[in-house]
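Reviewing the structure listed below.
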Amino acid sequence: MSSAPTTPPSVDKVDGFSRKSVRKARQKRSQSSSQFRSQGKPIELAPLPLLKDVPTSEQPELFLKKLQQCCVIFDFMDTLSDLKMKEYKRSTLSELVDYITISRGCLTEQTYPEVVRMVSCNIFRTLPPSDSNEFDPEEDEPTLEASWPHLQLVYEFFIRFLESQEFQPSIAKKYIDQKFVLQLLELFDSEDPRERDYLKTVLHRIYGKFLGLRAFIRKQINNIFLRFVYETEHFNGVAELLEILGSIINGFALPLKAEHKQFLVKVLIPLHTVRSLSLFHAQLAYCIVQFLEKDPSLTEPVIRGLMKFWPKTCSQKEVMFLGELEEILDVIEPSQFVKIQEPLFKQIAKCVSSPHFQVAERALYYWNNEYIMSLIEENSNVILPIMFSSLYRISKEHWNPAIVALVYNVLKAFMEMNSAMFDELTATYKSDRQREKKKEKEREELWKKLEDLELKRGLRRDGIIPT
Amino acid sequence: MAGAAGPGSGPGSAGRDADDSLYPIAVLIDELRNEDVQLRLNSIKKLSTIALALGVERTRMELLPFLTDTIYDEDEVLLALAEQLGDFTGLVGGPDFAHCLLPPLESLATVEETVVRDKAVESLRQISQEHTPVALEAHFVPLVKRLASGDWFTSRTSACGLFSVCYPRASNVVKAEIRQHFRSLCSDDTPMVRRAAASKLGEFAKVLELDSVKIEIVPLFINLASDEQDSVRLLAVEACVSIAQLLSQDDLEVLVMPTLRHAAEDKSWRVRYMVADKFSELQKAVGPKITLNDLIPAFQNLLKDCEAEVRAAAVHKVKELCENLPIEGRETIIMNRILPYIKELVSDTNQHVKIALASVIMGLCTILGKENTIEHLLPLFLAQLKDECPEVRLNIISNLDCVNEVIGIRQLSQSLLPAIVELAEDAKWRVRLAIIEYMPLLAGQLGMEFFDEKLNSLCMAWLVDHVYAIREAATNNLMKLVQKFGTEWAQTTIVPKVLVMANDPNYLHRMTTLFCINALSEACGQEITAKQMLPIVLKMAGDQVANVRFNVAKSLQKIGPLLDTDALQGKVKPVLQKLGQDEDMDVKYFAQEAISVVAQRLRKLDFPVKDSEEHRAPGPDKNHFLRPGMLGEDTGKFLSLMSRQHKETERLAWLLRGQ
């Protein structure tokens, strides 16, 4: 990948494998829309007078003309072509942004289709292939959009248009329709974080102003997420979409519609399974907690869902799950807690005894949370037996002294909470272990017998042993 | 759990095989719901054993209902279950009862996780074949219909994969219904379902009557190919291959080609990529005439597409495309309509495109023949050999045999040399490794003289590379060269240089000598081994580094078979015995191992037996391994191996610190 021939021979000692940190040092990459096909010919735009230089009566027509001019797209990968015209379009766009912000009465009915056309021409494009196959959003620099000098102003203009006091959704809905929204949502896959940020604002405004599009937008976001989880595992704008959803969920009316509950259980929870969870986990956890604050009865399915998708091998993800679980426990109602405490603490017992000290530590921190402590105390007769053997074992076996110290504190807390049960569990610890071992042995024997049986049947079927 | 009190475990089962009643279903089911996922998974994987223990009737009446009811588990467990049920027909009583397996599989086919669902569909497809036509209509088709009209997208997606297996054996009325269901899934609201339908469109078309293909499938195809989502459109390209195979040339032209032409110019690069990727299949499916009129121009566009991904995908197909052109007129078409584009791609801005081109371009030599190769292709090869990207050069060099067949390699040798030298010193060890692997091939084609003059020094330099993998490959390379050029050559050019390294101050280089001897001894033959190599190996037994010493033991074991009794008895054995008393545990271990092998060899030399006889007779040799105390020794070996690894790392760490 790297340009090997130019490497001086002294570097030969170093393995030439380009590590990510090394690659990062390269200059920032940029790319342009995939749709662009160089037409070779230079682009000419006839310069128009400034809007402020013409009488008010002529301004609407000039405004339309300028919108039309801005539909022309330039190739920004070729940094030398059409420099003058690129600058002209830039200044025109920035003039349009000012004009739409300040002027009164500029949004006549005729302007709507022209505005939407100009915006569509500029922003809707097929996103180019990602430059590297294993693009790692945490390590790699994002590829930046080359045409940003124009694109930014177009987004800016569109937002001003949507936020204008004169803006009338009833007219605009003819042009900002389902197809428009669909294309807009596809752009959230852009690698350029600046663009995604603008898109977030745009979509949020559209969701707010076009009541008729709301259900459609939610459904399409659903589809994007489901595709992301079950098909591609690749979509750059998940965090941004979740952020918008966070504020949408906040506004849901009670009681929650079945559609929304389904979204929580079938879409948001499975999002936890994705490899790149760390990129949008904060936003996701926020959405989940929003749901639970709206409707506490959803606690049980949510926690059971998290248990189902609990990470098996990725410790970083486990730490994230534990963090999210604590956020949920912070708002849980005691009546809900009782319903899920058993599976919940079985999982916590596993985390506490994780050999990865960050996981164990994160789980043990629960005992510093006063609200959680109070819940544990109320239910200590259920929780203590679940936790005891793990805690007891780690207090003797864990390699990390900090964990052992934390475990001692937890054991001490339990002892103070429910000393009778604590003593009983300590006394029966050994015999319990033996019982478990015996059971395990019985299991093994059962399977052995079953296998013998299978073998015998097989032989009998083949006529080797007479029936 | 209900099964525990069920009729099967009561006294009613008295007359049955005693084995059956031994295992009440409750116990087995307990296994299936063990708290530990891993144990649950193990139990599910042995579901057939459980079914066997229960017998066919109770499997049908108790086990399957239990499985159907309790399908909420980790996806991994569900996956195992879905897989197991595909092979369960025999365990429920044969084809007559195959339909009993449908309910649990139906639930599994609606699960979210794609892997589970796909496996359930696969098992359902398998089981469908075991249904009688009557059972198929009574049980299987209704299941497909239920899935096809399910609420959540997962069941509809699964349904898409089941139409083609039940269609051929259904009655006409049912067939019409199946087609109707498929049609509606093709225009489903959810893109996931449309994608599933699009991906099964080709498969479904193949089982339909030709008229239905024309009247129903083609419109569906056209619709999907113009879907608003590019992820759907690109799947239609795949379907296009299957559909095109079914239609006559005239129908193709009217029904399919407009859409295909459009797909090749789709505004999304993903769709164009797909066209490029499926190009050979498309070419075969539409036949030579349409290929010439339509596909070649489309291919030209793909070769100069604005996205490098598309260009690279198209470039990969160049050779296949050219090979599959009708022989008559092929040369002219390639020369006039393909080659000009290829010439430009040699200096493409994207290295992936160039790498792809370098991997296929040599294949054109045999198609175009000697003169064209020399006049048109050779300049391209030469340019690519000078490319800045090492992978391009490497791909050219690794395909040299194609050129060799047509024009011989001499034409290239002057340009080859600098390219090889540069790759041999590339900073990436994988590149170096790759070029080493082509050395024997190159040596064979360039001849001994050229090799000695230009390449020999490279081969020797690799022996002291700082990456072990390179040193190892270099050693094997030497062996292959000796096989090619003979022992005389080895004796004059290679062996002396290898042996000199035995005195190198770096112990890694000294070990390389030993590794080379291991590799070369057989190829060089008895004389060189005994006269030149053995003395050096024996001398190295006094090395101060333990790693060298135990490698001496290993080497002696390796070259032992080439030595005669005198050498073994008089030279090798004493040295090994001395090493057997070494202070280092590993040296001791390997020396003892070598001693026992050498001892065997000596016995064999004294009492020659045929190999086959030795094999059959349980002679004293075998008993030797069975004497008591062997167990303890085994552990000892294991420990010593562990400590050896440890020691090597330690030494390495020490060395690194020294640098």
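Naming convention: chains lettered A, B, ... in sequence-line order (proteins, then strands); numbering from 1 in each chain.
Between A:Lys179 and B:Glu228, no side-chain nitrogen of the basic residue sits less than 4.0 Å from a carboxylate oxygen of the acidic one, so the salt-bridge criterion is not met. Residues A:Lys312 and B:Glu76 are not paired through a salt bridge, judged by the lack of any N-O separation under 4.0 Å between the basic side chain and the carboxylate. For the pair B:Glu113 and A:Lys308, the salt-bridge criterion is not met [side-chain N within less than 4.0 Å of a carboxylate O].
At least one side-chain heavy atom of B:Met192 sits under 4.5 Å from a side-chain heavy atom of A:Asn223. Taking 4.5 Å as the limit, some side-chain heavy atom of A:Lys219 sits within range of a side-chain heavy atom of B:Asp189. Annotation: side chain of A:Arg227 is not in contact with side chain of B:Pro191 (no heavy-atom distance under 4.5 Å).
The two residues B:Arg270 and A:Asp189 make their nearest non-hydrogen contact at NH2-OD2, 4.5 Å. Nearest approach of A:Thr126 to B:Lys267, heavy atoms of both residues: OG1-O, 3.1 Å. Between A:Leu127 and B:Trp269, the closest heavy-atom pair is O-NE1, 2.8 Å.
With a 6.0 Å radius and a threshold of 12 heavy atoms from other residues, nucleotides or ligands, A:Phe321 has its CZ atom above the threshold.
One finds the OG1 atom of B:Thr190 at 9.5 Å from the CG atom of A:Asn222 (value rounded to the nearest 0.5 Å). Within the model, atoms OG1 of A:Thr273 and CD of B:Glu112 stand 10.5 Å from one another, a figure rounded to the nearest 0.5 Å. Here CZ of A:Arg443 is found 7.5 Å from CG of B:Asn42. Values are rounded to the nearest 0.5 Å. From B:Thr154, atom OG1 reaches atom NZ of A:Lys266 across 6.0 Å, with rounding to the nearest 0.5 Å.
Contact of A:Gln183 with chain B is not made at all, since no heavy-atom distance falls under 4.5 Å. With a 4.5 Å cut-off on non-hydrogen atoms, B:Phe153 touches chain A through its side chain but not through its backbone.
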